Asker: 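Pasting in a structure now, in structure tokens, and then I'll have a few things to ask.
Small disclaimer: the values here were computed from a predicted structure and weren't measured.
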Amino acid sequence: MNMLKTENLTFECETGNYHTFCPISCVSWLYQKIEDSFFLVIGTKTCGYFLQNAMGVMIFAEPRYAMAELEEGDISAQLNDYQELKRLCLEIKTDRNPSVIFWIGTCTTEIIKMDLEGIAPKLEKELNVPIVVARANGLDYAFTQGEDTVLSAMAQRCPKISIQNHKQAPLIIFGSLPESTANQLSQELTKQGISISGWLPERKYTQLPEISEGSYVVGVNPFLSRTATTLMRRKKAKLIRAPFPIGPDGTRAWIEKICSVYQIEPKGLEEREEKIWNNLSPYLEIVKNKSVFFMGDNLLEISLARFLARCGMTIYEIGIPYMDKRFQSAELELLEKTCLEKQHFLPKIVEKPDNYNQIERIYDLGPDLVITGMAHANPLEARNINTKWSVEFTFAQIHGFGNAGEILKLVTRPLQRKSMRSSSFV
Ligand code: SF4
């Protein structure tokens with residue numbers, strides 16, 4: 001195991017032998033967010049089986065995604081990739097008439113080196129529909145990073161404008177959030193006198209935000225490091241490094257950081273945060289002095305751990321699939337500060353964890369709650385260890401002041417279930 005001790009937090013890197021969702025799962029929330037899109041996953045039956053099962057009942061609602069299932073002839077290059085994809089995309093265009101077709105590359109297209117980026121521009125011209133290629137494969141990425149590959153590809157399509165048209169440098173927020181949550185965050189910034197020039201993604205592909213050199217960009221999720229890099233390198237935008245708006249503490253820090261960039265004195269944030277904490281007090285009673293162990297599979301772990309530490313929980317370990325220390329720098333600082341203020345020891349951050357080793361550590365430490373995937377949840381429950389299924393944090397609304405209760409609802413449910421269970425046996 002490689003071990004690196006920074007001044008304060010400890011970072012470790014294990015074998016990468018852990019459970020997570022394949023990043024192609026991002027089509028399930030992105031096709032709902034971008035209403036005029038169609039997602040074509042170019043892969044095998046393995047990918048199809050995964051999506052079909054992971055998406056549950058959603059597959060009966062005629063989703064705007066499909067599999068282009070590769071056959072023997074595709075693999076051995078006896079069929080012509082260009083003609084095959086043209087046939088499928090024509091069908092999609094006729095049936096659904098989308099404003100954009102996303103091609104999602106998979107492990108197989110990587111291994112057989114299918115030239116999706118080369119074919120897309122030609123077909124795009126021929127069919128007159130934008131085709132955006134994202135390599136959201138399981139070889140390189142984990143779960144939510146799928147969204148990162150899609151947004152990073154979309155960022156390159158954002159039109160350029162001249163910054164002189166604006167009084168203040170434009171602000172673009174990146175990260176896909178449900179409409180109501182995105183509106184809440186926009187309103188918080190508007191209250192501080194900051195206007196938002198656009199979101200990446202918006203509800204429609206045709207409304208891609210304009211990004212000019214010198215625009216400010218800020219992320220709402222910790223897994224968007226590639227998108228951030230693309231915006232900085234390709235669009236010459238300036239990244240605001242802030243903690244993420246998860247939990248009242250994170251939301252306040254996020255707004256404050258944006259205000260500081262625009263040299264605006266934030267108004268009423270302290271009272272706002274305090275009020276939210278007061279409303280959370282019934283939950284806080286339950287989580288106070290409890291310990292939590294994150295096995296790590298969705299990259300939200302640092303932000304959630306920081307919020308739970310602020311709630312009074314002890315964090316034993318934060319497993320995480322991939323740790324971009326630069327993109328998450330403000331979040332890491334806040335985690336450290338929170339633990340010091342709460343007089344908790346600083347948790348260990350384990351990148352690319354090894355689930356087998358983690359289970360051993362869980363047995364040793366005996367945490368009150370383990371946040372983990374479905375593969376380990378029931379086996380741990382059977383061994384009397386409380387678990388929370390980590391995927392729920394990805395699909396629940398957890399951003400902004402108003403949604404802090406949602407996170408604690410998820411965390412406290414298994415803790416309460418345990419106390420109910422023990423009280424029913426006398
Ligand atoms: S890991 Fe690869 S083969 Fe498996 S579902 Fe994902 S893209 Fe398909």
Asker: Run the salt-bridge test on R306 and E336 with the 4.0 Å N-O cut-off and return the result as yes or no.
Answerer: no
Asker: Please check if atom CD in E265 has more than 12 non-hydrogen atoms from other residues, nucleotides or ligands closer than 6.0 Å.
Answerer: no
Asker: Both conditions, 6.0 Å and 45 degrees, for the charged tip of K325 above the ring of F11: are they met here?
Answerer: yes
Asker: Measure across S99 and P130 and return the closest heavy-atom pair with its distance rounded to 0.1 Å.
Answerer: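 So the two residues come closest at O-CD, 3.1 Å.
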Asker: Is L189 close to W254 at the side-chain level, that is, under 4.5 Å between some pair of heavy atoms?
Answerer: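 Yes, at least one pair of side-chain atoms sits under 4.5 Å.
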Asker: In the structure I gave you, are the side-chain heavy atoms of M295 and E317 within less than 4.5 Å of one another anywhere?
Answerer: no
Asker: Considering all heavy atoms of both residues, which atom of K191 and which atom of K267 are nearest to each other, and what is their separation?
Answerer: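 Answer, listing the atom of K191 first, then K267: O-NZ, 4.2 Å.
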Asker: With no hydrogens and no angle check, do the side chains of E360 and N357 hold a donor and an acceptor under 3.5 Å apart?
Answerer: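 Not at all, the side chains of E360 and N357 share no donor-acceptor pair under 3.5 Å.
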Asker: Salt bridge between K235 and E213, side-chain N to carboxylate O under 4.0 Å?
Answerer: no
Asker: Just by distance, no angles: are the side chains of S152 and T230 close enough, under 3.5 Å, to form a donor-acceptor pair?
Answerer: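 Per modelled atom types, S152 and T230 side chains form a pair under 3.5 Å.
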Asker: Within a strict 4.5 Å, meaning less than it, do heavy atoms of the Q145 and L224 side chains meet?
Answerer: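 Q145 does not reach L224 side chain to side chain.
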Asker: Measure the shortest side-chain to side-chain distance between I194 and I264 over non-hydrogen atoms and say whether it is less than 4.5 angstrom.
Answerer: yes
Asker: Determine whether the aromatic ring centres of residues F327 and F244 are separated by less than 6.0 angstrom.
Answerer: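 That pair passes the under 6.0 Å test.
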Asker: Looking just at side-chain N and O atoms, do Y363 and R383 make a donor-acceptor pair shorter than 3.5 Å?
Answerer: yes
Asker: Applying side chain to side chain donor-acceptor pair (under 3.5 Å), run through S25 and S28 and close with a yes or a no.
Answerer: CA-CA 6 Å; S25 53; S28 66; 5.7 Å; no
Asker: Looking at Y65, Y205, F102, which one forms a ring pair (Phe, Tyr, Trp, His ring centres under 6.0 Å) with F39?
Answerer: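 Answer to the ring pair (Phe, Tyr, Trp, His ring centres under 6.0 Å) test with F39 among Y65, Y205, F102: F102.
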Asker: Please report the interatomic distance CD(E110) to SG(C107), rounded to the nearest 0.5 Å.
Answerer: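 Reported value, rounded in 0.5 Å steps: 8.0 Å.
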Asker: Check this for me: E117, atom CD, are more than 12 non-hydrogen atoms of other residues, nucleotides or ligands nearer than 6.0 Å?
Answerer: yes
Asker: Could you grab the distance from atom CG of D324 to atom CD of E351, nearest 0.5 Å is fine?
Answerer: 9.0 Å
Asker: Are E271 and K275 close enough for a salt bridge, meaning some N to O gap below 4.0 Å?
Answerer: no
Asker: When rounded to the nearest 0.5 angstrom, what distance separates CD in Q328 from OG in S303?
Answerer: 6.0 Å
Asker: Please report the interatomic distance SG(C311) to NZ(K290), rounded to the nearest 0.5 Å.
Answerer: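 The NZ atom of K290 is 12.5 Å from SG of C311, to the nearest 0.5 Å.
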Asker: Is the shortest side-chain heavy-atom distance between V292 and D368 below 4.5 Å?
Answerer: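 In short, these two side chains do not touch, never coming nearer than 4.5 Å.
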Asker: Determine whether K348 and L9 make a side-chain contact, defined as any pair of heavy atoms from C-beta on separated by less than 4.5 Å.
Answerer: no
Asker: What I want to check is whether the side chains of W103 and T109 have a donor and an acceptor closer together than 3.5 Å.
Answerer: no
Asker: Would you call I286 and V411 a side-chain contact if the rule is heavy atoms closer than 4.5 Å?
Answerer: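 They are not in side-chain contact.
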Asker: If the threshold is 4.0 Å, N to carboxylate O, is there a salt bridge linking R157 and E124?
Answerer: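 E124 and R157: salt-bridged.
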Asker: The test is side chain to side chain donor-acceptor pair (under 3.5 Å); show your working for Q358 and N355 and say whether it passes.
Answerer: CA-CA 5 Å; Q358 282 184 315; N355 280 171; 2.9 Å; yes
Asker: Between the side chains of S390 and D297, does any donor sit under 3.5 Å from an acceptor?
Answerer: yes
Asker: Where do P347 and L335 come nearest, in terms of heavy atoms and distance?
Answerer: CG-CD2, 4.4 Å
Asker: Check this for me: R135, atom CZ, are more than 12 non-hydrogen atoms of other residues, nucleotides or ligands nearer than 6.0 Å?
Answerer: no
Asker: Between T387 and H376, does a side chain to side chain contact (heavy atoms under 4.5 Å, CB included) hold up when you go through it step by step?
Answerer: CA-CA 9 Å; T387 60; H376 293 107; over 6 Å; no
Asker: Show every donor-acceptor pair shorter than 3.5 Å between a side-chain atom in residues 169-180 and any protein atom, with sequence neighbours excluded, or say none if there are none.
Answerer:
| unit_1 | atom_1 | unit_2 | atom_2 | d |
| --- | --- | --- | --- | --- |
| E179 | OE2 | K33 | NZ | 2.7 |
| S180 | OG | Q397 | OE1 | 3.3 |

Asker: Do you know which two heavy atoms are closest between M323 and I302, and how far apart they sit?
Answerer: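 Nearest heavy atoms, M323 then I302: SD-CD1, 4.0 Å.
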Asker: Count the heavy atoms of every other residue, nucleotide or ligand shown that sit under 6.0 Å from CD of Q263, and state whether that count exceeds 12.
Answerer: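 No.
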Asker: I'd like to know if E14 pairs up with R361 as an ion pair, taking the criterion as any Lys NZ or Arg NE/NH1/NH2 lying under 4.0 Å from an Asp or Glu carboxylate oxygen.
Answerer: yes
Asker: Determine whether L231 and I211 satisfy the following criterion, side chain to side chain contact (heavy atoms under 4.5 Å, CB included), listing intermediate values before the conclusion.
Answerer: CA-CA 9 Å; L231 289 166; I211 301 175; 3.4 Å; yes
Asker: Check the pair I34 / M154 against side chain to side chain contact (heavy atoms under 4.5 Å, CB included), numbers first and verdict last.
Answerer: CA-CA 12 Å; I34 311 168; M154 277 175 85; 4.0 Å; yes
Asker: Checking N298 against T144: is there a side-chain donor and acceptor pair closer than 3.5 Å?
Answerer: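 Looking only at side-chain atoms, N298 and T144 do not form any donor-acceptor pair under 3.5 Å.
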Asker: Applying ring-ring contact (aromatic ring centres under 6.0 Å, His included) to F293 and Y316, what does each step give before you reach the verdict?
Answerer: CA-CA 5 Å; F293 187 110; Y316 281 147; 7.4 Å; no
Asker: Report, one line per pair, each donor and acceptor closer than 3.5 Å where one atom sits in a side chain of residues 45-59; sequence neighbours left out.
Answerer:
| unit_1 | atom_1 | unit_2 | atom_2 | d |
| --- | --- | --- | --- | --- |
| K45 | NZ | E69 | OE1 | 3.0 |
| N53 | ND2 | Y49 | O | 2.8 |

Asker: Closest approach of S291 and P367, non-hydrogen atoms and distance?
Answerer: OG-CA, 3.4 Å
Asker: Please report the interatomic distance CD1(I318) to CD1(I349), rounded to the nearest 0.5 Å.
Answerer: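 I318 atom CD1 to I349 atom CD1 measures 4.5 Å (nearest 0.5 Å).
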Asker: Search all heavy atoms of F143 against all heavy atoms of T394 and return the closest pair with its distance.
Answerer: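 Here F143 and T394 meet closest at CE2-OG1, 3.5 Å.
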Asker: For the side chain of T106 and the backbone of I42, is there at least one donor-acceptor N/O pair under 3.5 Å apart?
Answerer: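 Here the side-chain-to-backbone pair exists.
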Asker: Take a 6.0 Å sphere around CZ of R326 and say whether it holds more than 12 heavy atoms from other residues, nucleotides or ligands.
Answerer: no
Asker: Any side-chain heavy-atom pair from S225 and D148 closer than 4.5 angstrom?
Answerer: yes
Asker: Between R252 and E256, does at least one N-O distance fall below 4.0 Å, as a salt bridge requires?
Answerer: yes
